[in-house]
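Below is one structure, written out as structure tokens; comments come after it.
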Protein chains: 2
Amino acid sequence: MQIDAVDQRIIALLVADARASYADIGTRVSLSAPAVKRRVDRLRATGVIRGFTAVVDPAAVGWTTEAFVELFCAGRTTPAQIGVATRRHPEVVGAYTVSGEADALVHLRAADIAHLEAALERLRGESFVTSTRSTIVLSRLVESPGVGPSSRTP
Amino acid sequence: MQIDAVDQRIIALLVADARASYADIGTRVSLSAPAVKRRVDRLRATGVIRGFTAVVDPAAVGWTTEAFVELFCAGRTTPAQIGVATRRHPEVVGAYTVSGEADALVHLRAADIAHLEAALERLRGESFVTSTRSTIVLSRLVESPGVGPSSRTP
DNA sequence: TGTGAAAGAGTGACTTG
DNA sequence: CAAGTCACTCTTTCACA
């Protein structure tokens, strides 16, 4: 699907504030509100915009402990398998297959160290996991939602 | 600040759909629309809800290459220093100080390998960086926005 | 917190370049 | 075909009980 410069700007504005009105966006991109709505509808329908979400301070909700866990998997493990398995754990906020020694990298978020340990144990219980290597997050310095500065086109 | 069970449910609903109407949320939590608005306003004012954003398919915007980079830093480098420095790079979508060998873990997103390489070079140019170790993301399996399933309280 | 009223936003049908 | 206009409905958001 083709997205033009106006779409880009609309996306950037929605990433900055998902509750902005179509009229507001319209004035910023020189379009009428219905025109903006049609574009947003199209972007949602084609999957460019996956949805709208609230950005919550994890500490405020009590999920304050984070870790990155490298997963070493059994010989014939597919990415899809890892995806399905990791998605089952609510503590998993990110999972990626990666190059290098490990097969996958899993981003965990939990209430505290005890909760994190429990989640890790559960993860290690997955049949295809042969071993893990954890890295505890000491502090979160940057965490952009969305796709980063989507106003830029590289 | 104190957030009760109703706040939790409102947060969960907004994470699921940031554009839900107050009336809609209200029926789900048995409150009137203005009551919901007042709670959301309070949650925003106190920083529990940091904002509302659109979740964009990175591939659709052309940022399709990702990496995790471990940063090894000079002796007296503060987390704040790393935070300020990494925030300068638009490719950085996440940065954390971590336990283990490395001092920090940086999550990069770029258009392609060339762009990623350029970003990495720029990052390595930061005065306090002594060395880096990169892990390329092969596929994204899970990536939850917000705070994960915030309907759960651990 | 709920109610009700005024202002504003979302959305469909229709028209125009 | 995509944008603009208009009309109608639903939301937001205020004051007050």
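All values below come from the heavy atoms of this structure, side chains included, with hydrogens, waters and symmetry mates left out. Lettering follows sequence order; numbering is per chain, from 1.
Between B:L116 and B:I136, some side-chain heavy-atom pair lies under the 4.5 Å cut-off.
Mapping B:S32 and A:A23 onto DNA chain C by nearest heavy atom places B:S32 at the nucleotide closer to the 5' end. Summary of the strand contacts: A:P34 and B:K37 both lie near DNA chain D, and taking for each the nucleotide with the nearest heavy atom, the more 5' one is attributed to A:P34.
Rounded to whole Å, the distance from CZ on A:R42 to C1' on D:dA2 is 9 Å. Between the C1' atom of C:dG10 and the CZ atom of A:R44 lies a distance of 14 Å, rounded to the nearest Å. The distance between atom CD1 of B:I10 and atom C1' of C:dT1, rounded to the nearest whole Å, is 13 Å. Separating the CD atom of A:Q2 from the P atom of D:dC1 is a distance of 16 Å, rounded to the nearest angstrom. Rounded to whole angstrom, the span from the OH atom of A:Y22 across to the P atom of D:dT12 amounts to 13 Å.
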Fill in: Derivation and outcome, side-chain hydrogen bond (donor to acceptor under 3.5 Å, both in side chains), residues A:H107 and B:E143
CA-CA 9 Å; A:H107 184 181; B:E143 189 160 88; over 6 Å; no

Practice prompt. Before giving the answer on side-chain contact (heavy atoms from CB on, under 4.5 Å), spell out for B:D112 and B:T64 the whole-Å C-alpha distance, their side-chain angles and the decisive distance to 0.1 Å.
Written response: CA-CA 6 Å; B:D112 48 42; B:T64 144; 5.9 Å; no

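B:R19 contributes no side-chain N or O that forms a donor-acceptor pair with the base of C:dG10 under 3.5 Å. Side-chain to base pairing of A:R38 with D:dA3: one donor and one acceptor N or O lie within less than 3.5 Å of each other.
For the pair A:R109 and B:Y96, the cation-pi test (distance below 6.0 Å, angle within 45°) is failed.
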